[in-house]
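Labels below follow one simple rule: chain letters A, B, ... track the order of the sequence lines, proteins then strands, and each chain is numbered from 1. All values below were derived from every heavy atom in this structure, side-chain atoms included, with hydrogens, water molecules and symmetry-related copies excluded.
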There are 2 protein chains.
Amino acid sequence: MTQPNTRKDSIDKSEQIFQGAIGEFLEKGYAGTSMDKVAAAAGVSKATVYSYFQDKEGLFKALVARMARERFYLVFGTESLQGEPEVVLRRLATKLLDRIARDREYLAFMRLVVGESGRFPDLAQELIRNIVHPGIKELSGYFASHPELKIADSEAVARIVIGGLVYFVLTQEVLQGKEIMPMERDRLIDSLVALLIG
Amino acid sequence: MTQPNTRKDSIDKSEQIFQGAIGEFLEKGYAGTSMDKVAAAAGVSKATVYSYFQDKEGLFKALVARMARERFYLVFGTESLQGEPEVVLRRLATKLLDRIARDREYLAFMRLVVGESGRFPDLAQELIRNIVHPGIKELSGYFASHPELKIADSEAVARIVIGGLVYFVLTQEVLQGKEIMPMERDRLIDSLVALLIG
DNA sequence: GTCTATAGTCGGATAGAC
DNA sequence: GTCTATCCGACTATAGAC
C-alpha cells in the first residue's frame, strides 16, 4: 500500500499544498502569509509543507511561477488574432476587460506580483517574459501584417493599446476606483477603435 | 524649557517618526515592516511611536495619505496644460516617463499602493480621488478644448493616453522588464502623438 | 513626554515518534 | 511520508521609571 489508496491521496500532495497556499498568498501577500495557515488551508501539517518545499520563499516562488503559467495566461493564447482589425480589436478588448475585471483571483494576482516586484524581481521578470512580452509581440505582429492601419511603429502602438486596457482594469478594479470615476467599458473600446481605425 | 531647545527637537516629533517610517514601509511593505525598525529608523523609542499613532495600521494609513498628497502629486499640477497639442503632449509624456521612471521612491510607492489595495481599499480610493481622477480630468479638459483633435470622447482618450504612459512605466520599471523587452521612451511618445495628431 | 523593559503572541523551521 | 510537539527569535503593544 505505498501507492495511492483514496481519491484524495491520488492528487499529488504538493498539488494539495499548492492549492491551499494559493488562497493565502493571494489574500495576505507574501509577508502576511504564515506557514501555519498554509498548512491548515492545505489540510496537512507544517512539517509536510516543509518536506515538499525548502522554505517559505521557495514555496512562494514555485507558486507564483506556476500560477503565471497555468492560471493567468488566458488573455492571449486562447485564440489567435485573425480577421478584420475592428473585429479583432473589439474582441481582444472585450475579453481582456470583461474576463480579468470579473476574475477576483486575477486581480489579486496582479496586486501580489506588482506589490512584491521590488522584493522578488525574478518573479516580476518571469511574468514579463512569459505573459507581457508575448502578448505585446502578438498584437504587434498583427498590426504589422495590416499595413492599411498605417501604423509606423507597431510595437509601440501595441503597448499603448494594451496599456490603455490594463490601466482601465488597474484603476477601476485593482484600485477600486469604479465608483469614484465610473466609465462604461464600451466607451474605452470605441475610443480605442476610433484612434486606430476611425 | 517645555519648548524646542535643539534643532532636532524643533522638527515636530510626528514628522520625525513619519520620515523614519517612509523608508521602512516603502521597502518592506505593510506586513513586512516592524514597529521596532520604524522606531529605530526614526531615532525614537517604540513607546514614542505609539504615543503619536494609535497603532501600526493608523501610522500606515496616515503615512500613505500624506505621501500621496505631498510627495507623489507632481506629474500634473506643477504646470497647467496649455499650448499646441503636440508640444503639450510631448511635454506631459516626457515628464511622466522621465521623472517617475527615475524616481525610485515613486516606483516603490506604486508597488506599495497596488500591493496593499486589496487590504486597504480606502487608501487606494484616496489615491484615485486625489491623483488619478484629477489627472484624467485635466487632460480630458484639455482635449475637450481642442476640437481640432477630433476626439469624440475626451475622457476615454485621456485614459488611453495616460494608460499607455503608466503601462510603460509599469512594465519597464516597476516590473523591471526594460532589459527583457527594451524600448526607447521616444518611440512610445512619437506613436502617441501620431495616434492623436498625425 | 520619552525612555527601558517586558508581557504575551505568533512567526519559521525542525526533531523525533510512528 | 506524515504527524505532533517544540524550539526560539521576532512581533505588536504596554506598564512603569524618570
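- Partners of A/Phe143 by ring-ring contact (aromatic ring centres under 6.0 Å, His included), not counting sequence neighbours: none found.
- Listed by chain and residue number, A/Arg71 satisfy the salt bridge (charged side-chain N to carboxylate O under 4.0 Å, His left out) test with A/Glu105 (two or more places apart in sequence, or in another chain).
- Counting to the nearest Å, the P atom of D/dA13 and the CG atom of B/Leu59 are 10 Å from each other.
- For B/Phe168, the ring-ring contact (aromatic ring centres under 6.0 Å, His included) test picks out no residue, with sequence neighbours left out.
- With 3.5 Å as the limit, one finds a donor-acceptor pair spanning the side chains of A/Asp12 and A/Ser14.
- Atom-to-atom, NZ of A/Lys56 to C1' of C/dC10 comes out at 12 Å; the value is rounded to the nearest Å.
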Please list every donor-acceptor pair under 3.5 Å in which a side-chain atom of residues 188-198 of chain A meets a protein atom from a residue at least two apart or in another chain.
unit_1	atom_1	unit_2	atom_2	d
A/Asp190	OD1	A/Arg90	NH1	2.8
A/Asp190	OD1	A/Arg90	NH2	3.2
A/Ser191	OG	A/Arg187	O	3.3

Without placing hydrogens or testing angles, list every side-chain donor-acceptor pair under 3.5 Å for residues 144-151 of chain B, not counting sequence neighbours.
unit_1	atom_1	unit_2	atom_2	d
B/Ser145	OG	B/Gly141	O	3.4
B/Ser145	OG	B/Tyr142	O	2.9
B/His146	ND1	B/Glu148	OE2	3.0

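- Annotation: proximity of residues 19-37 of chain A to DNA chain C (heavy atom, distance under 4.0 Å) is found for A/Thr33, A/Ser34, A/Met35, A/Asp36, numbered in ascending order.
- At whole-Å resolution of the value, OH in A/Tyr52 and P in C/dG12 are 20 Å apart.
- For A/Phe109, the ring-ring contact (aromatic ring centres under 6.0 Å, His included) criterion is met by A/Phe72, not counting sequence neighbours.
- Between C/dG12, D/dA13, C/dT2, one nucleotide has an atom nearer to the side chain of A/Tyr50 than all others, and that is C/dG12.
- If you take CZ of A/Phe60 and P of C/dG12, they are 13 Å apart, rounded to a whole angstrom.
- In this view, B/Glu173 and B/Lys178 satisfy the salt bridge (charged side-chain N to carboxylate O under 4.0 Å, His left out) rule, not counting sequence neighbours.
- In terms of the salt bridge (charged side-chain N to carboxylate O under 4.0 Å, His left out) criterion, residue partners of B/Arg66 (sequence neighbours excluded) are, by chain and number, B/Glu15, B/Glu70.
- In DNA chain D, runs of at least 3 stacked Watson-Crick or G-U pairs (N1-N3 plus N6-O4 or O6-N4, or N1-O2 plus O6-N3, all under 3.5 Å) give these stems: C:1-18 with D:1-18.
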Contact letters for nucleotides 3-8 of chain C, in which S counts primed atoms plus P, OP1 and OP2 and B counts the base, heavy atoms under 4.0 Å = BB----
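- Each of A/Val161, A/Leu170, A/Val166 was compared with B/Tyr167 under the side chain to side chain contact (heavy atoms under 4.5 Å, CB included) criterion, and only A/Val166 meets it.
- Taking B/Asp98 as the reference, B/Arg185 meet the salt bridge (charged side-chain N to carboxylate O under 4.0 Å, His left out) condition, with sequence neighbours excluded.
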